[in-house]
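Take a look at the structure set out below.
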Amino acid sequence: MEKNNRNNLAQDNKNNIVRVVIQRPLYKLLDYCFASQSNVNGKQGLLPQTGCRVRVPLGNSVITAIVVEMPIESEFEKLKSIIEVLDDKPLFDSSMMALLNWASRYYCYPIGEVFFHALPSTLRKGKPLPKTLLWKASKQGQASAEGELKRAPKQLAFLQRLKLGESTESQLRDDFSTNWRNTLRELKNKGLVESREVDATVAVQTVLTSIPEKGNITLSDEQKSVIQSIVDSFQQKSTKPILLHGITGSGKTEVYLRSITPILEAGKQVLVLVPEIGLTPQLLFRFKEHFPKLTINALHSGLADSERVSIWQGARSGEVNIIIGTRSAVFTPMNKLGAILIDEEHDASFKQQEGFLYQGRDMAVKRANHQGIPILLGSATPSIESLENVKQGRYQYLRLTSRPGKSKPPEMALLDTRTLSLEAGISQLLMSEVRQHIEKKNQVMLFLNRRGFAPVIMCPSCGWHAVCEHCDSGMTYHAFASKVICHHCGLEEKISPKCPDCGSPKLTTQGQGTERIEQVLKTHFPKTNVIRIDRDSTSSKGSLDKKLKQVHAGDPVILIGTQMLTKGHDFPNLTLVGILDVDQALFSLDYRAQERLAQQVVQVAGRAGRGNKKGRVVLQTSQPEHPLLLSLLSKGYKQTAEQILNERGVWDYPPVGALAIIKANAESSDAAVKFLLKLNIQLSAYIEANNDLFESVNTMGPMPSPIQKRAKRYRFQYLITAKNRLQLHRLLNQAQAELSSFRRSGGVRWAIDVDPSDFL
Ligand code: ADP
Ligand code: ZN
Ligand code: ZN
């Protein structure tokens, strides 16, 4: 309604003003005018509408902008005219515009950058929406008799297909594959078929072959009752988000599939957000298997720009029924969106870590709220934020406490490494357990969250060790690549067998990463397939899929991996999980380290015993009395999370209080510190002058970031906490205004991180 009014206004608007955003770090909107005839390059131009892209002059250049308003008045007298309107239909509807406006304010990020961020890159660059041809039989073709094409069976098949209805080129290609274009051309030359141009909405079919099919599943009583609750809640149009806390292996996927069925049957769309599609192709596969007739498209970083924009278009038009995507898919326009689903809602990858620092899960909750549609968040290890929302009555809470069928949650044991002899960080006890499980023809997984061979490579004669010159931190030795690599900035250097300082021919390593574990296990188990899964071993296309296929085949294997292995994998023959090193995380200074560790341990452990065989988890640690580990083992995740929540409250850290970090970095540490010191002076004065508006606010800093130097830049931060979120945002508004006005001497870069996911 509102939108229509606006569009009419565009035509009545005598002053012909359009208000736009551009892709620049500006916190304001720009006004332009348009000539009502808008005759561009001799052809009749389109009239602007809110949500459409236009081309506008700015300084000496012409840039792409997005119309966000059609105001009646402008405070400026002389307005420049827009040059061209790029879209005949808006790219953003009013609810998406409202969401992006909110995000810009909430995350303190320039409005134009937020709008452009929400678009696929080809549209950001001002390219037109892709078009495709829709083919059908012409009148002549409809009337033609089969006999006419007796000698051209392929053309006949094509024509018969097109007599039934219209078909896009990509459908024809999928159905007829070889030579389809030639066949089409021949039919066209005979006047039997004709085409018209429409928006391209290619349904890219992802073929996944590595995962065994599920067949029929009989739901457990627990699953049935949870599904019923969700379906009821969806039907009552309840907009209270639902948190589904289901232990690992409790069959959450099945619950998702059946809960959204009524929505899909009603012709509506579903948006599914997941942490990383490449790592867990299973979910996508299960959706395709369960809804074979629906169009399901995945949106992830591996897509070509053209594929992405076509899927985007298909989602917008409503042709794609289900979008499964990572973080940024939350911006996908969907005309008939009926529900949003977030799997592994606790996962850190939902938080964008550069540029526009938004939290995809939170955006999704906000989007559902704006659109008045239901949202379901699922996890075996819900985030502390979501548990707090449950506690405050903002979320509905549902549980799955058991695994369906014969599968039972694994038993967990702590191994005190202080009293044991270790080889590459593996105790003999664990090694012999690995042997027992492999001899029983089962699969084993060892988890270590460190890539490479060893975190330290050094010279025993002179004490030299490899340090990254850009970060002031140690470099990790990668034996396969014979390189040292900095895990903070990615700097790589070839390593020679000699010490670069004293020339001694013998370098030694300390500690271990996945490569070393792989090497040691291969010598202990020469006949067993040892599979390492980390970023290095899966960088080439298809290699992860190949490795997962070997595991799914079910033969005994020893899997070694980083956190890539923790996410959602379902390997029925896996009976033993060894967790090698949690000690470092126990002492991390980051306020989220304990939460992350608890989640990681529970998620890794949850890979064991998912089939009919009993699972066992061995956690090696030198801190067996650490309260977090004891709590996790004796009380489980939920109670441990509640304990963590209480501790957060002591510092007013989220989710009890609100937190933002203002970060600054520069090539000299002096410049970065001075920048934040200046901010501190201004903000302190502002708080002082408006004391009653900020009584719950605390500021800290500037202080060095935990990783103080990264990629040649010195990093400092300034923390703001507040019991009252409104007060935090009020102060951030001020901070944003101050920061934008500062001269950035010394090449300082700054960012405001609202609800940061870490302190690093
Ligand atoms: P989660 O995501 O909760 O960890 P999954 O959805 O991956 O669990 O399910 C774990 C395994 O249990 C999968 O192999 C799934 O097919 C299977 N499963 C789910 N529900 C049932 C059921 N009712 N009966 C038997 N197997 C089931
Ligand atoms: Zn040396
Ligand atoms: Zn580095």
Side-chain angles (χ1 to χ4, degrees), residues 211-227 244-259 274-275 280-287 289-290 341 343-345 378-382 398-410 457-476 484-493 496-508 552 566-574 602-612 615 707-713 715:
I211 293 144
E213 294 200 9
K214 279 291 166 205
N216 276 342
I217 279 181
T218 319
L219 295 174
S220 68
D221 289 345
E222 208 182 21
Q223 281 172 313
K224 276 189 204 151
S225 101
V226 163
I227 293 165
L244 172 61
H245 181 184
I247 63 164
T248 55
S250 57
K252 289 187 287 298
T253 315
E254 216 56 42
V255 172
Y256 298 152
L257 294 169
R258 315 224 179 196
S259 303
V274 296
T280 49
Q282 266 145 323
L283 189 79
L284 184 59
F285 183 84
R286 291 285 297 116
F287 271 73
E289 187 193 37
H290 197 85
L341 189 80
D343 191 29
E344 313 285 1
E345 65 88 28
S379 175
T381 53
L398 295 173
R399 285 216 70 163
L400 286 171
T401 56
S402 58
R403 291 183 171 181
K406 292 196 193 107
S407 160
K408 292 271 164 298
I457 179 160
M458 61 175 299
C459 168
S461 326
C462 75
W464 169 90
H465 66 281
V467 173
C468 175
E469 51 183 308
H470 296 165
C471 302
D472 280 347
S473 72
M475 293 182 91
T476 302
V484 285
I485 300 177
C486 172
H487 287 187
H488 293 315
C489 74
L491 183 72
E492 297 187 0
E493 272 162 24
S496 75
K498 274 193 208 150
C499 171
D501 271 10
C502 73
S504 156
K506 207 172 157 236
L507 296 176
T508 58
H552 280 297
T566 60
K567 305 194 179 188
H569 294 287
D570 190 29
F571 306 128
N573 281 339
L574 188 76
V602 174
Q603 293 285 354
V604 182
R607 301 310 118 206
R610 291 168 75 95
N612 293 329
I707 300 169
Q708 196 187 340
K709 187 182 173 198
R710 177 148 86 192
K712 293 189 187 166
R713 300 184 72 85
R715 310 162 71 243

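For this chain, numbers begin at 1 and follow the sequence in order. We count ligands from 1, going down the list as the structure has it; atoms in each ligand are counted the same way.
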Measure from atom 11 (C) of ligand 1 to every heavy atom in Ile247, Asp570, Asp343, Leu257 and give the option owning the shortest one. Asp570
Quick one: does Leu400's side chain get under 4.5 Å of Gln223's, heavy atoms only? yes
Does Leu491 reach the side chain of Met475, with side-chain heavy atoms less than 4.5 Å apart? yes
Return the option from Arg286, Lys252, His569, Gln603 holding the heavy atom at the smallest distance from atom 1 (P) of ligand 1. Lys252
Is there at least one pair of N or O atoms, one from Glu254 and one from ligand 1, spaced under 3.5 Å apart? no
Selected option - heavy-atom contact closest to atom 4 (O) of ligand 1, from Gly249, Ser220, Pro404: Gly249
Worked check of side chain to side chain contact (heavy atoms under 4.5 Å, CB included) between Leu244 and Glu345: CA-CA 10 Å; Leu244 172 61; Glu345 65 88 28; over 6 Å; no
Of all the atoms in ligand 1, which lie at a distance below 4.0 Å from a heavy atom belonging to Leu219? 23 (N)
Which ligand 1 atoms are under 4.0 Å away from a heavy-atom of Thr253? 2 (O), 5 (P), 6 (O), 7 (O)
Sidechain-backbone polar pair: Arg607 side chain, His569 backbone, donor-acceptor under 3.5 Å: yes
Only to 10 degrees, please: what angle do the SG atom of Cys459 and the SG atom of Cys462 make about the Zn ion (ligand 2)? 110°
Gly246 versus ligand 1: do any nitrogen or oxygen atoms come within less than 3.5 Å of each other? no
At less than 2.8 Å, would any N/O/S atom of Cys489, backbone or side chain, sit next to the Zn ion (ligand 3)? yes
Once rounded to the nearest 0.5 Å, what's the spacing between atom NZ of Lys709 and atom SG of Cys468? 7.5 Å
So for Thr218 against ligand 1, with non-hydrogen atoms under 4.0 Å, the contacting part is backbone
Quick test of your reading of the model: are Arg399 and Glu222 salt-bridged, counting only N-O distances below 4.0 Å? no
Taking C-beta and beyond as the side chain, do Arg710 and Cys486 meet within less than 4.5 Å on heavy atoms? no
Which atoms of ligand 1 have any heavy atom of Arg610 under 4.0 Å away? 1 (P), 4 (O), 5 (P), 7 (O), 8 (O), 10 (C)
For Trp464 and Cys499, the nearest pair of non-hydrogen atoms, with its separation, is CB-SG, 3.9 Å
Distance filter under 4.0 Å to Thr248 heavy atoms, resulting ligand 1 atoms: 4 (O)
For Lys224 and Arg258, what are the C-alpha separation, side-chain angles and deciding distance, and is it a side chain to side chain contact (heavy atoms under 4.5 Å, CB included)? CA-CA 9 Å; Lys224 276 189 204 151; Arg258 315 224 179 196; over 6 Å; no
Pick one of side chain, backbone, both or neither for how Arg403 approaches ligand 1, counting any non-hydrogen atom pair under 4.0 Å. neither
Rounded to 10°, how big is the angle at the Zn ion (ligand 2) from Cys499 SG to Cys502 SG? 110°
Closest heavy-atom pair, Cys502 versus Ser461, reported as atoms and distance to 0.1 Å, is SG-CB, 4.2 Å
Over all atoms of both residues, closest heavy-atom pair of Glu344 and Ser379: CA-CB, 4.4 Å
For the atoms SG of Cys486 and SG of Cys471, give the angle they form at the Zn ion (ligand 3), rounded to 10 degrees. 110°
Please state whether the separation between the Zn ion (ligand 3) and some N/O/S atom of Cys468 is under 2.8 Å? yes
With a 4.0 Å cut-off on heavy atoms, does Ser250 reach ligand 1? yes
